[in-house]
S.K.: 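Below are the structure tokens for one structure; questions will follow.
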Amino acid sequence: MAIIASVALLITEHQSHKLDSLRAALSVVVDPLKYLVDLPTVLIEQATDAVSSYSTLKKENTQLRDEQFIDKTRLLKFDSLEKENIRLRALLENSFKLGEQLLIAELLSINTAPYENIVVVNKGTRFGVHPQQPVLDANGVVGQVFRALPFSSEIMLITDPNHAIPVQVNRNGLLTIAVGSGQLNRLNLPFLPNNADIRPGDLLITSGLGGTFPSGYPVAVVDDFTPITNKPFVNITATPKAMLDRNRELLIVWSDSSPVSLSTPASNEKTPAGERSETNTADQSAGNELTRKTPAAEQPGTAGNQPAKSGLTHKAPATEQPKAAGDQPAKSGLTHKAPTAEQPKTAGEQPAKSSLTQKAPAGAQPEADLDE
Amino acid sequence: MNNYFSFGRIILTVIVAMCLRITPWPGFLTDINPDWVLLVLIYWALAVPERAGIFNAWTVGLLTDVLTGRVFGQYALTYTLIIYCCLILHKRLRQFPLPQQGLFIFFCLLFSQMLLFWLKNIQQPTQLHTSFWLPVFTGTLCWPLIYTALRRVRLSRRAAK
């Protein structure tokens with residue numbers, strides 16, 4: 001009887017997803033065990049926190065502040081660049097995907113399957129996690145959600161042999177696919193012809209093809225390789241940017257799947273602020289506009305920003321205040337917040353609405369030219 | 001009343017075994033982490049066959065599937081088959097000295113590992129690592145330990161009776 005039942009289960013699960021709810025129900029029973037096993041690690045961490053000395057904290061604080069300062073400065077130009085990018089894309093009649101929503105998940109230190117690169121994190125469907133969501137860390141792409149349970153979810157790392165991620169070479173846009181090797185420090189690029197324009201040290205970023213991963217996040221750096229002339233394909237490997245074996249905190253990403261409509265950039269920009277902002281209340285906007293970020297540089301800042309108050313929404317620290325202040329103008333356009341340094345903008349907000357040209361100091365001139 | 005009590009012991013040990021199963025061991029210990037849940041189940045099947053039946057084994061197997069994120073029924077099937085063998089042979093096995101029991105356990109674990117591999121291979125072609133078989137050996141070596149420990153648990157129950 002039991003044998004028949006289990007064989008039936010095996011077959012059903014293999015064919016369909018009908019058993020997902022059963023799994024979710026059962027996982028409620030066993031998930032406490034995962035947390036129980038994880039408990040010592042958490043306790044040790046807390047104990048370390050508790051006894052860490054004033055000077056250490058102070059040092060760390062200074063360091064973080066420096067880092068944040070640098071990141072903020074880098075972000076200054078980001079806003080205008082992004083806008084410029086949107087406008088250029090509009091010229092090409094191309095749509096542009098906007099921001100992503102992030103959720104910090106913490107790794108549970110448990111080991112479920114010894115020979116697979118699958119990890120378990122402490123956020124599940126109760127936080128809105130769903131399968132196939134991309135997962136990042138401060139340095140790059142980590143993997144994707146493989147199975148979401150109510151209180152935890154399993155994440156398949158990009159290095160899993162069953163995982164492949166569409167990438168492109170940052171230098172020249174060459175598209176290819178990176179396949180996991182089973183080792184945490186290596187990805188294979190099996191589909192490149194021998195004469196492909198790829199060099200050791202090239203950065204691979206997500207290409208956004210396939211729809212699972214948002215485009216533009218760093219994935220890996222190409223290792224040294226020697227071209228073999230008598231074979232059609234080269235054997236190239238790459239080292240993942242993300243610290244797959246060291247990080248405890250991961251970011252689960254909701255990519256905003258609806259691209260911003262770009263009829264004509266001008267008309268879009270000129271839509272009176274009121275029209276859009278009516279629909280969004282202030283805090284919605286906070287929710288919608290979650291961080292859109294330069295991939296690598298800024299995430300440490302976000303991670304430090306911790307609270308993830310509502311669970312999901314999580315803003316880049318820098319952008320928050322000015323946004324709240326300059327709410328109206330920001331929303332009218334294709335949603336862009338002014339990073340901190342843009343005080344001038346908030347001040348001169350009325351004029352800003354009518355014309356485009358009034359952006360962050362740095363990017364202003366070229367943009368104006370473009371529009372006319 | 002007493003039924004519930006002893007059943008509680010079984011559940012508790014199974015829970016501990018499940019925890020051991022998913023504990024991240026440092027370094028190579030991860031590779032040789034034996035299937036604690038199965039060992040505990042075998043012990044209970046030999047010691048109190050009237051309590052640890054096939055259905056219980058199946059349930060525990062199902063929970064292990066969920067816990068370790070396998071396809072549903074994989075461990076359920078394996079555990080059911082092995083516990084069935086144990087239940088049939090339990091009278092004979094109890095008479096065996098520990099080393100001989102160990103041999104039986106060795107074959108049980110080997111069989112379970114083979115079954116797991118086979119089931120996995122049906123779903124998708126899998127590469128077999130040599131260290132895949134190591135848990136069988138460590139499991140066998142752990143058997144005397146588990147045997148004595150669980151015997152203690154069981155006898156303390158009897159004393160409490």
Side-chain angles (χ1 to χ4, degrees), chain A residues 1-41 107-116 118-120 146-156 161-162 181-182 245, chain B residues 14-26 28-33 35 37 53-81 83-84 115-117 119-120 122-132 134-135:
Chain A
M1 249 277 285
I3 295 173
I4 297 169
S6 30
V7 171
L9 278 178
L10 273 172
I11 294 169
T12 348
E13 165 110 78
H14 194 227
Q15 310 285 353
S16 69
H17 290 284
K18 280 177 192 150
L19 290 174
D20 283 358
S21 53
L22 175 61
R23 184 181 285 275
L26 284 178
S27 76
V28 176
V29 182
V30 291
D31 268 4
L33 289 185
K34 296 181 184 171
Y35 284 89
L36 186 70
V37 171
D38 184 49
L39 195 65
T41 328
L107 217 60
L108 291 180
S109 54
I110 62 172
N111 164 49
T112 54
Y115 309 106
E116 284 164 14
I118 288 179
V119 295
V120 182
F146 170 61
R147 185 183 280 145
L149 300 170
F151 297 99
S152 63
S153 43
E154 291 162 21
I155 288 168
M156 185 182 266
N162 292 322
S181 67
D245 48 352
Chain B
V14 168
I15 285 178
V16 172
M18 280 180 169
C19 287
L20 284 173
R21 181 79 172 69
I22 58 169
T23 309
W25 301 95
F28 77 106
L29 282 179
T30 321
D31 290 346
I32 62 168
N33 194 16
D35 194 344
V37 184
I54 286 189
F55 180 73
N56 292 335
W58 185 74
T59 318
V60 172
L62 213 57
L63 290 179
T64 316
D65 281 329
V66 177
L67 187 70
T68 56
R70 314 287 73 195
V71 175
F72 251 144
Q74 194 167 308
Y75 278 107
L77 180 63
T78 318
Y79 288 179
T80 313
L81 286 174
I83 296 306
Y84 177 70
L115 202 62
L116 286 177
F117 172 68
L119 288 173
K120 218 163 135 188
I122 288 180
Q123 297 153 34
Q124 63 205 22
T126 322
Q127 262 185 353
L128 196 57
H129 223 263
T130 332
S131 59
F132 183 77
L134 286 178

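Quick note on labels: first sequence line is chain A, next is B, and so on, each numbered from 1. From a predicted model like this one, the values you see are computed outputs, not experimental measurements.
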S.K.: Could you look at A/Leu33 and say if it's the side chain, the backbone, both or neither that has a heavy atom under 4.5 Å from chain B?
M.R.: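 Both parts, heavy atoms under 4.5 Å.
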S.K.: My understanding is that only residues two or more places apart in sequence, or in another chain, count here; which of them pass salt bridge (charged side-chain N to carboxylate O under 4.0 Å, His left out) with B/Asp65?
M.R.: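 Result, salt bridge (charged side-chain N to carboxylate O under 4.0 Å, His left out) vs B/Asp65: none returned.
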S.K.: Side chains of A/Arg147 and A/Ile118: closer than 4.5 Å at any heavy-atom pair?
M.R.: no
S.K.: So, using side-chain hydrogen bond (donor to acceptor under 3.5 Å, both in side chains) as the criterion, who are the partners of B/Thr64 when residues are at least two apart?
M.R.: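 B/Thr64 satisfies side-chain hydrogen bond (donor to acceptor under 3.5 Å, both in side chains) with no other residue.
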S.K.: So which part of A/Asp38 gets closer than 4.5 Å to some heavy atom of chain B, the side chain, the backbone, both or neither?
M.R.: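 It is neither, since no heavy atom gets under 4.5 Å.
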S.K.: Answer with side chain, backbone, both or neither: which region of B/Leu119 has an atom nearer than 4.5 Å to a non-hydrogen atom of chain A?
M.R.: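 Contact with chain A involves the side chain of B/Leu119 alone.
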S.K.: Give, for atom CG of A/Leu36 and atom CD1 of B/Ile22, the distance between the pair rounded to the nearest 0.5 Å.
M.R.: 8.0 Å
